[in-house]
J.: 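Sending over a structure as structure tokens; questions will come in a sec.
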Protein chains: 2
Amino acid sequence: MSKERHTVEDVAREAGVSLMTVSRTMNGRPGVGEETRRRVLEIAARMGYRPSPVARGLASRRASSLGIVLPDLANPFFSILAKAAVDEARGRGVNVFIINTDERPSLERAAYASLREERIAGVVVAASRLPARHLREEAASFDWPVLVNSLVTGAGIANVDVDDEAGIFEAVSHLLGAGRRHVAFVAGPRESGSARRRVAGYKAGLAAGGIAFDPELLVRAKPDIEGGMRSVVALLSRERRIDAVIAHNDITAIGVLRGLEAAGRGIPSDVAVIGVDDIPYAALVRPSLSTVRIDIPELGRRAMAALLDLRDGKVFEPGPCLRPELVLRESSGG
Amino acid sequence: MSKERHTVEDVAREAGVSLMTVSRTMNGRPGVGEETRRRVLEIAARMGYRPSPVARGLASRRASSLGIVLPDLANPFFSILAKAAVDEARGRGVNVFIINTDERPSLERAAYASLREERIAGVVVAASRLPARHLREEAASFDWPVLVNSLVTGAGIANVDVDDEAGIFEAVSHLLGAGRRHVAFVAGPRESGSARRRVAGYKAGLAAGGIAFDPELLVRAKPDIEGGMRSVVALLSRERRIDAVIAHNDITAIGVLRGLEAAGRGIPSDVAVIGVDDIPYAALVRPSLSTVRIDIPELGRRAMAALLDLRDGKVFEPGPCLRPELVLRESSGG
DNA sequence: TATAATCGCGTTAGCGCTAACGTAATCCTC
DNA sequence: GAGGATTACGTTAGCGCTAACGCGATTATA
């Protein structure tokens, strides 16, 4: 009605009930009769009353907002993930703090500290860059931790995962089936769960194809375009016969594409390249990038849905891993 | 020291002063002697005391966090902008709520309501999609509104802008100079300040080149890849002789690229294409995209710096517009 | 029918901090 | 050297909400 902000007290007075009855009603908690509840709700709506999340956070020691922590907002994978997650939360009336850690473990820890100070009780942690021990510790400091693509599990931790290993396995198998014999792998950060699983898939794929794993063909790179470019230099200095590269993700793979071009290698004639994620730009770069497709919005939605369910006291059922899918484009000679 | 969370009271007791002296000290407010201040600070640090932003927000009616509102987090322009802005804020110890409005005015208004409920006093609004009247109203509801690329100005509003008009003017001039005669323009959302200024630059460029503005060659599109693709269909149905297209931004331009390919037009042989922003993928698509380059991180930093300065009581000096720069690549036949 | 359990609500006491005002001491100023 | 201004604190009263407990009335349980 008026422009003023109302408080519980206003509503209580208007409805002729106590503060707690209004509080209980607004929070959907038991202890209010059906008719009273309806009346309070109606009056609150009419007055335009909206509970103050700040006061609520202080009194209950628990903020209504949630958090999402991710390593690189400039990577479309994460920005699309975040967008989907935030949309899911908004659908349920919840605000989300997005925190970008810039791939730096120290900033990731600062992020958790900061979320705790804000009394945020639930977080989605996408692709943590923290060692398992530390991540488990940090996760335990929240009421509802949801870890996306992490190896850290445990009681009280919800995990939402992609079957990374299967995805890379398929990519390797495809390349070997197409006659490639020197398949290199540009791995992601050592502490990343996805990175580990993808490496495992790489090794498994090689083994299944009867090719011995050669440590010289495995390099680690910062997961961005720059890192991908640099990794090519490292790889070619070790083994000139490389005829295929699988990268940790698409932006790294795009860097690999550029690095190979700079080195004068033809794609896919000399070297095939496959990425992971299928960010929108994978289909648009030259040559178009073959990739292990992940349904990014679905992943974001699932993670946030898990978090919201936990918050609402529902039990979390892990559900099946998201299955990635090999998408063949020019870069693999598909 | 201990794992417990301390409160002002603990620190006050330890330092033998009152609550307010601690409060004033922690907020850097006057009214505390030099020596007392030092001692309180030292004790607080030793105890690991960190003021609760929630309690502070409630008591002072003003949250310590800030907000940034943007239309599409999946557009690299905005995710890079947000990343830079958030980095700038983190450097000064401030958390930021990122809110994605999905290009929908209704969600944008909901975003402001939500920020107000959280008692957030300062916002960076990037590329608002609200009509001027509404945006001005919303901006006025915050203590420190910073508008990026908006036409809305006024007392108490800080503006951080790109010289969009000059950028597009240069692009048009280049195309006309290269002999193109039917330069179309794919404009952004009607309410966007950038969109209007870019259209103005387009018309000015045509005029300067002695070409009459043809309304048939101006279409509006949702500023994403999909929108860009669709706009090509609309344009070609109106005027088959089009030999150049300038798009509102790079992702739209990338859509235009695909749309033209689908229509069997050669780029740049038949049609030249120029975008705006120079997102990282502009250089990587096929053909590589000519664009009006904007220093996105700088824009984000400036906006957040302006906001932080306002918050700290400094006066805001607009400073010069960010100058965009024409970057010629394959798509314009450069 | 006595007893307990439940329901529907109210009262009280904070959550951790700051705004606003109070006060005693010191400092000018003419 | 009286009166006003200034400095350096302290005290009080909330901010708007919820946890925890209280209490009478109704409904199961034995």
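Just so it is clear: chains get the letters A, B, ... in the order the sequence lines come, proteins before strands, and each one is counted from 1.
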J.: Among residues 19-29 of chain B, which contact DNA chain C at a heavy-atom distance under 4.0 Å?
T.: B/M20, B/S23, B/N27, B/R29
J.: Whether the side chain of B/S60 engages the backbone of B/R56 through a donor-acceptor N/O pair (distance < 3.5 Å, no angle test) should be reported.
T.: yes
J.: Going 5' to 3' on DNA chain C, which nucleotide is the first and which the last to come under 4.0 Å of a heavy atom in chain A?
T.: C/dG8 to C/dG16
J.: Residues in salt bridge (charged side-chain N to carboxylate O under 4.0 Å, His left out) with A/R50, at least two apart?
T.: B/E117
J.: Going by side chain to side chain contact (heavy atoms under 4.5 Å, CB included), name the residues that satisfy it together with A/V86, two or more places apart in sequence or in a different chain.
T.: A/V96, A/I98
J.: Who passes side chain to side chain contact (heavy atoms under 4.5 Å, CB included) against B/V8, sequence neighbours left out?
T.: B/L19, B/V22, B/Y49
J.: Between the side chains of B/E42 and B/R38, is the shortest nitrogen-to-carboxylate-oxygen separation below 4.0 Å, so that they form an ion pair?
T.: no
J.: Would you indicate what B/P51 reaches in the nucleic acid, counting non-hydrogen atoms under 4.0 angstrom: base, sugar-phosphate, or nothing?
T.: sugar-phosphate
J.: Taking any heavy-atom pair under 4.0 Å as a contact, classify B/G31: base, sugar-phosphate, or nothing.
T.: base
J.: List in chain and number order the residues that pass ring pair (Phe, Tyr, Trp, His ring centres under 6.0 Å) with A/F97, two or more places apart in sequence or in another chain; answer none if no residue qualifies.
T.: B/F97
J.: Cut-off 3.5 Å, no hydrogens considered: what does the side-chain donor-acceptor table look like for residues 145-160 of chain B, sequence neighbours left out?
T.:
residue, atom, partner, partner atom, Å
B/N149, OD1, B/V162, N, 3.1
B/N149, ND2, B/S194, OG, 3.1
B/S150, OG, B/V152, N, 2.9
B/N159, ND2, B/V152, O, 2.9

J.: May I have all residue pairs that pass salt bridge (charged side-chain N to carboxylate O under 4.0 Å, His left out) and include part of residues 63-84 of chain A, sequence neighbours excluded?
T.: A/D72-B/K83, A/K83-B/D72, A/K83-B/D102
J.: Base, sugar-phosphate, or nothing for A/V54, non-hydrogen atoms under 4.0 angstrom?
T.: nothing
J.: Please classify the nucleic acid contact of A/S52 as base, sugar-phosphate, or nothing, using heavy-atom distances under 4.0 Å.
T.: sugar-phosphate
J.: I'd like to check the side chain to side chain contact (heavy atoms under 4.5 Å, CB included) partners of A/I80; sequence neighbours left out, ordered by chain and number.
T.: A/P76, A/P280, A/I296, A/P297, B/A74
J.: Taking only residues two or more places apart in sequence or in another chain, which ones pass salt bridge (charged side-chain N to carboxylate O under 4.0 Å, His left out) with B/E138?
T.: B/R109, B/R116
J.: Checking all strands, does A/R119 fall into the base, sugar-phosphate, or nothing category for heavy-atom contacts under 4.0 angstrom?
T.: sugar-phosphate
J.: Output the pairing pattern of DNA chain C as a dot-bracket string, 5' first, Watson-Crick or G-U wobble with both distances under 3.5 Å, | for cross-strand pairs, [ ] for crossing pairs.
T.: |..|||||||||||||||||||||||||||
J.: Kindly list each side-chain donor-acceptor pair under 3.5 angstrom involving residues 305-321 of chain B, sequence neighbours excluded, with atom names and distances?
T.:
residue, atom, partner, partner atom, Å
B/D309, OD1, B/R92, NH2, 3.1
B/D312, OD2, B/R92, NH1, 3.2

J.: Starting at the 5' end of DNA chain D and moving along, which residue's nearest nucleotide shows up first, B/S18 or A/A59?
T.: B/S18
